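My questions all concern the structure below.
Just so it is clear, the structure is predicted and the values come from calculations on it, not from any experiment.
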Amino acid sequence: MSEHTHSAHDPNCIFCKIVAKQIPSKAVYEDEHVYAFHDINPWAPVHFLLIPKAHIPSMAHIGSEHGALMGHMMALVPKLALQEGCNPYPEGGYRLVTNTGVEGGQEVHHLHFHVMGGPRPWLRG
């Protein structure tokens, strides 16, 4: 994963501030490329966000140069979901969601994946 494909951090972005530890969060996982943390308003018994540390505004900004980063993020999802308490597939499982743009319901314009799971019913979704 080349650093040349990553955008700069946005000093006004809440998720960039979380990555920089300027805003507290409850960590799930961290490495040099990504950060995962618990959602402050969970919709499900397990609900965390997985984000790139680089400020990539949305899925609309993903190109082939992001292939390694996206593969890394997707490969983390099953491991982190189980670590955080999702029940195993096929009876258990989780939902992976990313919203893109205003019409897609995106509120924070820093790429993020919601990982939600655990026994139903959920608050939302």
Side-chain angles (χ1 to χ4, degrees):
M1 285 176 271
S2 167
E3 287 301 311
H4 302 293
T5 62
H6 293 170
S7 305
H9 289 254
D10 179 342
N12 300 311
C13 172
I14 189 170
F15 287 174
C16 287
K17 290 177 181 178
I18 287 172
V19 166
K21 309 291 195 253
Q22 295 166 343
I23 294 175
S25 63
K26 188 176 172 196
V28 167
Y29 175 85
E30 182 172 14
D31 66 28
E32 66 179 304
H33 301 288
V34 302
Y35 185 57
F37 57 98
H38 290 272
D39 195 293
I40 58 166
N41 294 305
W43 301 1
V46 175
H47 187 174
F48 62 91
L49 302 180
L50 178 60
I51 68 172
K53 287 188 168 181
H55 184 78
I56 300 169
S58 75
M59 279 300 294
H61 298 80
I62 294 296
S64 58
E65 70 275 17
H66 298 106
L69 174 64
M70 297 303 291
H72 176 58
M73 292 178 75
M74 292 304 99
L76 283 168
V77 169
K79 177 185 135 190
L80 297 179
L82 290 173
Q83 171 191 300
E84 293 307 304
C86 290
N87 294 310
Y89 176 89
E91 292 80 13
Y94 47 86
R95 178 174 289 169
L96 178 65
V97 175
T98 187
N99 300 325
T100 304
V102 174
E103 290 182 355
Q106 187 175 6
E107 295 176 9
V108 177
H109 292 270
H110 181 127
L111 178 64
H112 58 286
F113 293 94
H114 294 263
V115 181
M116 296 168 279
R120 287 184 172 271
W122 296 352
L123 186 62
R124 290 174 64 184

Exercise: identify the closest heavy-atom pair between Met116 and Ala44
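Looks like CB-CB, 4.0 Å.
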Side-chain heavy atoms under 4.5 angstrom apart, residues restricted to Ile, Leu, Val, Met, Phe, Trp, Tyr: same cluster for Leu111 and Leu69?
yes
Any non-hydrogen side-chain atom of Leu49 less than 4.5 Å from a side-chain atom of Val28?
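Heavy-atom side-chain distance check fails, nothing below 4.5 Å.
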Return each pair, listed once, that meets salt bridge (Lys or Arg N to Asp or Glu O under 4.0 Å) where at least one residue sits in residues 34-61; pairs must be two or more places apart or across chains.
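Every salt bridge (Lys or Arg N to Asp or Glu O under 4.0 Å) pair that includes a residue of residues 34-61, provided the two are not neighbours, is Glu30-Lys53.
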Salt bridge (Lys or Arg N to Asp or Glu O under 4.0 Å) contacts in which one or both residues fall within residues 96-119, not counting sequence neighbours:
none
Identify whether Leu80 and Val115 are in the same connected component of the hydrophobic contact network (ILVMFWY, side-chain heavy atoms under 4.5 Å).
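In one cluster: yes.
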Just wondering, more than 12 heavy atoms not from Lys21 lying within 6.0 Å of its NZ?
yes
Looking just at side-chain N and O atoms, do His109 and Asp10 make a donor-acceptor pair shorter than 3.5 Å?
no
Atom pairs and distances, side-chain donor-acceptor, residues 11-18, under 3.5 Å, sequence neighbours left out:
none

Quick check: closest heavy atoms across Gly93 and Cys86, and the distance to 0.1 Å?
O-CB, 3.7 Å
Cluster check Met70, Val34: I/L/V/M/F/W/Y, side chain < 4.5 angstrom
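Looking at the clustering, Val34 is in the same group as Met70.
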Contact between Phe113 and Met59 at the side-chain level, heavy atoms closer than 4.5 Å - yes or no?
yes
In terms of hydrophobic clusters joined by side-chain contacts under 4.5 Å, are Leu82 and Val77 together?
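No, Leu82 does not connect to Val77 through the hydrophobic network.
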If you compare all heavy atoms of Phe48 against all heavy atoms of Ala36, which two are closest, and at what distance to 0.1 Å?
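Scanning both residues completely, I find the closest heavy atoms to be CD1-CB, 4.3 Å.
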With sequence neighbours excluded, give me every side chain to side chain donor-acceptor pair (under 3.5 Å) pair touching residues 81-100.
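Non-adjacent pairs meeting side chain to side chain donor-acceptor pair (under 3.5 Å): His38-Glu84.
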Lys26 to Tyr35 - nearest heavy-atom pair and separation:
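Distance-wise, the nearest heavy atoms are C-OH, 4.5 Å.
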Does the gap between the ring centers of His9 and His55 come in under 6.0 Å?
no
Gap between atom CG of Leu123 and atom CG of Asn41 - 0.5 Å precision:
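Rounded to the nearest 0.5 Å, the CG-CG separation comes to 9.0 Å.
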Can you name the residues that form a side-chain contact (heavy atoms from CB on, under 4.5 Å) with Pro45, not counting sequence neighbours?
Pro119, Trp122
Which value, rounded to the nearest 0.5 Å, describes the distance between His61 atom NE2 and Ile56 atom CD1?
10.0 Å
Of all residues at least two apart in sequence or in a different chain, which pass the side chain to side chain donor-acceptor pair (under 3.5 Å) check with His114?
His47
